[in-house]
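This one's a predicted model, so the numbers in the text were calculated from it and none came from an experiment. Side chains are part of it too, since the values below use all heavy atoms of this structure and drop only hydrogens, waters and symmetry mates.
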Amino acid sequence: MTQPTATTEIAQYIHGTRTTGSGTRTQAVYNPATGAVSAQVRLGNAADVNAAVAAAQAAFPAWADTPPIRRARVLFKFLELLNTHKDTLARLITAEHGKVFTDAQGEVARGIDIVEFACGIPQLLKGDFTDQVSTGIDNWTLRQPLGVVAGITPFNFPVMVPMWMFPVAIAAGNCFVLKPSPIDPSPSLFMADLLKQAGLPDGVFNVVQGDKEAVDALLEHPDVKAVSFVGSTPIANYIYETGAHHGKRVQALGGAKNHMVVMPDADIDQVVDALIGAGYGSAGERCMAISVAVLVGDVADKVIPKLLARTKTLKVLNGSNLAAEMGPIVTPAAHARISGYIDQGVAEGAQLLADGRGFNGALAGEGCEQGFWLGGTLFDHVTPEMRIYKEEIFGPVLACVRVPDFAQALQLINDHEFGNGVACFTRDGNVAREFSRRVQVGMVGINVPIPVPMAWHGFGGWKRSLFGDMHAYGEEGVRFYTKQKSIMQRWPESIGKGAEFVMPTAK
């Protein structure tokens, strides 16, 4: 693979071809570890969106009529190519996002899980049939594709999150337009190339790089029937309201503030391992990262010293270093935002135990002095009134909240505006059962810190973490990208004489 340079241009993929498009604006793509510009991404405009949607609309009739087993065979070939090139994809992620290579490998693996699930589309599209619902009448249902659908995806998972969407959508017979984050755009084009190699017809999958201009063009385009989004809550709310206003089906996954409850009976070493990995993995730039440790009773006095010692020895290194546990922050703007939250936490009276500000990039590896570096940050005695508790920081900042008992821990979580993910560490089966049943959160882990559901279950939060009715991927993903049709049938020989003026009933 040719190494990009600061002048390399990353652009659009429309109707099976990489193209510059008609947009004239560009945005720098950085290597977060070094701070150097690695390429330029050309931001698509409304004309580029129109071209991509037109290509998808033209390809739709033939693709929708392709038997599901043949669509699955294309995905099986795509799956084979993904497994062959998975480390190349992981290196692209590390180069533009900054997450450590092993974490990037895990991201690709979880995306591959969804492709494997989508390969089962012939079974997933099977409808229901009832013989003789009334005399001489049979009734059945089938699921049909929507048409052109779009995905708007975030910087933090440039491979996995698009794969939450397009494999299921394409398998179901739709054509897809992906609008990835301009921060790390290269993986989207690499996946497009692999899909073409797998035999996907031109126009079925398209990529438009861009920002709000491209997003709004997708939301307003009359031929886009559905939009799936993952990102912050304010933007998710905007996507949901705007898309619905224009008559689209919308699935918009928003922000999070994920808590991990630690009961006094929990294994302390397991708790510390879980908090370190879930709080600081991917530099906390995950919508399922644990950002609040809820320490019940006297367990804080056991957890905090070990947690602090481990935070101070966190291996913050260039993501290409296989020894790295955490890489850099994705952009200078994100670094400034996270640093501002640390300032705010100190000003509000939280106890700052480990301060990641001022981390020396030279310690991360050769050439990293100008990278976007931040160390692991740990706060104790955080209270629910503080901004660092209420708001999503999306960085390596872990807040510890002390509560006297299980009831208050549960109430604390249920009172929060977000309801994405949550965990509880305990040995008590009754506590685990009560927590699972009563917590107002969409994804729950019992002694599992990041409970991201597997491909056949589906991902989605509650409250202001999800706008729309259906979760991503899994069987709900199939339902999101299809519409149900009910068919009732009878033949002339079984039709009685005379007009019927009353509501039909089973006879």
Side-chain angles (χ1 to χ4, degrees), residues 56-57 59-79 113-149 163-176 199-201 204 223-228 244 247-251 442 453-460 466 468-507:
Q57 185 75 358
F60 174 66
W63 184 244
D65 278 346
T66 301
I69 188 67
R70 285 175 52 198
R71 299 198 296 257
R73 287 171 185 154
V74 172
L75 286 174
F76 271 117
K77 182 61 178 177
F78 178 54
L79 176 63
D113 288 347
I114 311 297
V115 179
E116 291 175 335
F117 170 79
C119 286
I121 199 66
Q123 170 71 20
L124 295 166
L125 287 180
K126 282 170 59 178
D128 298 317
F129 183 91
T130 303
D131 168 72
Q132 197 77 345
V133 292
S134 189
T135 303
I137 300 179
D138 304 324
N139 189 188
W140 71 91
T141 60
L142 53 85
R143 303 203 71 87
Q144 294 184 314
L146 304 177
V148 180
V149 298
M163 284 197 200
W164 285 1
M165 303 171 188
F166 74 78
V168 177
I170 288 172
N174 300 281
C175 293
F176 201 90
L200 190 71
V204 176
D223 289 336
V224 175
K225 303 303 180 186
V227 175
S228 187
K248 304 185 192 315
R249 182 178 291 185
V250 183
Q251 170 194 73
M454 295 306 292
W456 48 95
H457 281 283
F459 181 104
L466 174 67
D469 300 319
M470 300 180 198
H471 290 190
Y473 63 83
E475 292 188 7
E476 287 221 336
V478 176
R479 285 191 284 272
F480 179 76
Y481 289 119
T482 58
K483 50 195 173 187
Q484 179 177 290
K485 181 180 288 182
S486 175
I487 301 168
M488 298 188 75
Q489 172 181 279
R490 66 180 175 183
W491 298 101
E493 291 76 9
S494 63
I495 299 175
K497 292 183 179 180
E500 296 181 353
F501 295 97
V502 299
M503 174 64 67
T505 58
K507 298 176 183 177

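- Counting all heavy atoms, side chain and backbone alike, Ala72 lies closest to Pro122 at CB-CD, 4.2 Å.
- Taking every heavy atom of both residues into account, Ala455 and Asp113 meet most closely at CB-O, 3.4 Å.
- With hydrogens and angles ignored, the 3.5 Å screen pairs a side-chain donor or acceptor of Asp138 with a backbone N or O of Gln132.
- Minimum heavy-atom separation, Asn174 to Leu146: OD1-N, 2.7 Å.
- Proximity of a side-chain donor or acceptor of Thr141 to a complementary backbone N or O of Gly127 within less than 3.5 Å is not detected.
- In this structure, CZ on Arg143 lies 15.0 Å from NZ on Lys126, to the nearest 0.5 angstrom.
- Side-chain contact between Leu200 and Phe78: absent, with no pair of heavy atoms (C-beta onward) separated by less than 4.5 Å.
- For Asp469, the CG atom counts as loosely surrounded, since its 6.0 Å shell holds 12 or fewer non-hydrogen atoms of other residues, nucleotides or ligands.
- Under a 3.5 Å cut-off, the side chain of Arg249 and the backbone N or O of Gly468 do not form any donor-acceptor pair.
- Here NZ of Lys225 is found 7.0 Å from CD of Gln57. Values are rounded to the nearest 0.5 Å.
- Atom CZ of Phe459 sits about 10.5 Å away from atom CD1 of Ile114, to the nearest 0.5 Å.
- A search for salt bridge (charged side-chain N to carboxylate O under 4.0 Å, His left out) contacts involving Lys483 returns nothing, not counting sequence neighbours.
- Taking 4.5 Å as the limit, every side-chain heavy atom of Met454 sits out of range of all side-chain heavy atoms of Phe117.
- Leu125 has its side chain within reach of Arg71: a pair of non-hydrogen atoms, C-beta onward, lies under 4.5 Å apart.
- Annotation for Phe480 and Val250: closest pair CE1-C, 3.7 Å, computed over non-hydrogen atoms.
- Taking each heavy atom of Cys175 and Ala59 in turn, the nearest pair found is SG-C, 3.9 Å.
- Residue Ile170 holds its CD1 atom at 12.0 Å from OG1 of Thr66, rounded to the nearest 0.5 Å.
- Using a distance-only test at 3.5 Å, with no hydrogens or angles considered, a donor-acceptor pair links the side chain of Asn139 to the main chain of Ile487.
- For Glu493, the side-chain contact (heavy atoms from CB on, under 4.5 Å) partners two or more places apart in sequence, or in a different chain, are Trp491.
- Rounded to the nearest 0.5 Å, atoms CZ (Arg479) and CD (Glu475) are 6.0 Å apart.
- Within the 4.5 Å cutoff, side-chain heavy atoms of Ile69 are placed close to those of Arg73.
- The nearest pair of heavy atoms linking Ala171 to Ala118 is CB-O, 3.7 Å.
- Listed by chain and residue number, Trp164 satisfy the ring-ring contact (aromatic ring centres under 6.0 Å, His included) test with Tyr473 (two or more places apart in sequence, or in another chain).
- Interatomic distance, Thr482 OG1 to Leu142 CG, rounded to the nearest 0.5 Å: 10.0 Å.
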